[in-house]
Amino acid sequence: MSSVPAHGDVDVAVVGSLNMDLTVRVRRHPRPGETVSGSALTLSAGGKGANQAVAAARLGARTAMIGRVGNDAHADTLLDSLTADTVDTTHTVRDTEAPTGTALITVADSGENHIIVSAGANAHVSSVDIDAARALLASARVVSLVLEIPVDTVVAAARAARSSARIVLNLSPVTELPTTVLALADPLIVNEHEARELLRSHGITGERGPGQAGGLLGLGVRSAVVTLGADGAAIAEADRVQHIPGLRVDVADTTGAGDAFTAALAWRLSRGDTLADAARYAIHVSAYSVGRAGAQPSYPTADVLAAGGSPMISPSS
Ligand code: RIB
């Protein structure tokens with residue numbers, strides 16, 4: 001890429017977190033105060049931001065990652081993993097004050113996970129980083145914003161990108177944002193639990209799925225997507241609300257499936273797909289991901305997906 005990139009040089013720029021995922025599998029999650037035995041510890045590249053960047057790049061997007069890691073061995077692994085997947089790391093800064101972010105993850109036999117994040121360097125991503133990445137952001141067709149970094153930074157990134165890029169906002173975890181920033185989300189993406197929390201906090205009611213997606217438009221967003229696990233997703237745009245059916249899969253590990261969904265959606269939107277078509281594709285990608293262990297290790301390439309993806313996938317009834 002030249003030093004002054006042109007608009008369209010980057011398909012998806014992700015502003016968000018990078019973590020080293022420390023994962024142990026357990027038969028079932030422990031109750032409060034209980035100790036359970038787990039599998040051997042595995043370390044893999046994660047963080048909602050980096051997961052999106054890698055997932056989009058594997059599908060064919062020209063992708064860039066804006067965020068921070070520490071100056072430690074975990075940072076080397078995370079940067080190597082991004083580079084191996086051709087993600088532009090020019091604006092993935094090494095922070096000298098804080099360690100690389102870490103996520104402590106347990107995955108039960110059901111595939112359900114519990115995650116505790118220690119933010120580390122992610123907490124230092126600031127408007128200074130956004131200013132430094134201004135030319136890169138201006139070159140992106142889609143800018144995807146992740147809420148595992150300071151809210152002020154997300155706000156600065158949204159404002160920096162609003163005139164040149166479509167903004168995809170995954171509000172996970174649910175965080176209060178200025179209405180002027182919510183108004184830029186196209187779409188706002190949340191899962192059904194996050195949708196319920198968000199709608200309740202704004203005094204809006206909506207039935208699971210389409211009702212929730214339609215309700216989210218009441219927050220002023222341009223469009224909304226509510227992910228529904230095996231039941232697919234509900235999407236809402238100004239003129240209609242739609243349910244996109246899901247895929248039944250044997251669930252191995254749901255870690256990072258939402259990030260794969262958002263990345264795939266962002267990639268397809270950057271190519272000009274409709275929201276409904278992009279969501280159909282994203283459901284396929286996230287279904288592939290839940291059939292395999294880990295976040296980034298579970299993401300498919302475009303070739304794998306085109307070759308039929310996982311034999312475990314079948315349309316849900
Ligand atoms: O969404 C999954 C991700 O959440 C993990 O990779 C972990 O790092 C946390 O950020």
Side-chain angles (χ1 to χ4, degrees), residues 12 14-25 29 41-58 63 65-70 72 74-75 77-82 85 87 92 98-108 110-125 144-151 153-154 168-175 189-194 225 227 229 233 251-266 282-283 285-300:
V12 180
V14 182
V15 182
S17 57
L18 304 97
N19 295 325
M20 180 58 83
D21 288 354
L22 276 49
T23 305
V24 173
R25 293 201 70 105
H29 293 295
L41 178 74
T42 61
L43 273 68
S44 59
K48 294 189 196 305
N51 290 348
Q52 279 192 36
V54 165
R58 277 193 201 154
T63 308
M65 177 72 219
I66 297 154
R68 280 186 181 244
V69 289
D72 46 30
H74 285 173
T77 308
L78 298 190
L79 290 169
D80 286 350
S81 119
L82 290 171
D85 277 300
V87 176
T92 316
T100 297
T102 310
L104 307 176
I105 303 177
T106 51
V107 181
S110 62
E112 211 176 33
N113 62 49
H114 285 177
I115 304 180
I116 299 171
V117 172
S118 173
N122 295 307
H124 289 189
V125 186
S144 185
L145 304 174
V146 174
L147 266 294
E148 282 185 332
I149 57 172
V151 176
T153 311
V154 173
V168 169
L169 175 65
N170 180 207
L171 205 61
S172 173
V174 172
T175 311
I189 305 178
V190 286
N191 66 32
E192 58 190 287
H193 310 291
E194 293 157 348
V225 176
T227 58
V251 177
D253 182 356
T254 55
T255 308
D259 308 329
F261 179 96
T262 300
L265 188 98
I283 285 170
V285 173
S286 61
Y288 182 95
S289 151
V290 300
R292 286 152 184 81
Q296 292 177 31
S298 72
Y299 298 157

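Each ligand, and each atom within it, is numbered from 1 in the order the structure gives. Along the sequence shown, the residues carry numbers beginning at 1. Predicted model, so just to flag it, every value in this text is computed and none were measured.
- For ligand 1, one of its N or O atoms has an N or O atom of Asn19 under 3.5 Å away.
- The ligand atoms of ligand 1 that sit less than 4.0 angstrom from a heavy atom of Ala103 are 7 (C), 8 (O).
- Inclusion of Gly47 in the set of residues having an N or O under 3.5 Å from an N or O of ligand 1 is warranted.
- No donor-acceptor pair closer than 3.5 Å links the side chain of Tyr299 to the backbone N or O of Ala57.
- The shortest N or O to N or O distance between Glu148 and ligand 1 is under 3.5 Å.
- For Asn19 (side chain) and Ala119 (main-chain N/O), no donor-acceptor pair under 3.5 Å exists by modelled atom type.
- Near Gly46, meaning under 4.0 Å from one of its heavy atoms, ligand 1 places the atoms 6 (O), 8 (O).
- Counting only N and O atoms by type, the side chains of Gln52 and Asp259 include no donor and acceptor under 3.5 Å apart.
- Atoms of ligand 1 found under 4.0 Å from any heavy atom of Asp259, numbered from 1 in the order shown, are 1 (O), 2 (C), 3 (C).
- Going from atom OG1 of Thr254 over to atom CG of Asn191 covers 10.5 Å, rounded to the nearest 0.5 Å.
- In this structure, Gly256 is part of the shell of residues with a heavy atom less than 4.0 angstrom from ligand 1.
- Among protein heavy atoms, the minimum distance from atom 4 (O) of ligand 1 is reached at Lys48 NZ, 3.2 Å.
- Counting heavy atoms of neighbouring residues, nucleotides and ligands inside a 6.0 Å radius, atom CG of Leu41 exceeds 12 of them.
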Q. Can you list the steps and then say if Asp253 with Thr255 is a side chain to side chain donor-acceptor pair (under 3.5 Å)?
A. CA-CA 6 Å; Asp253 182 356; Thr255 308; 2.6 Å; yes
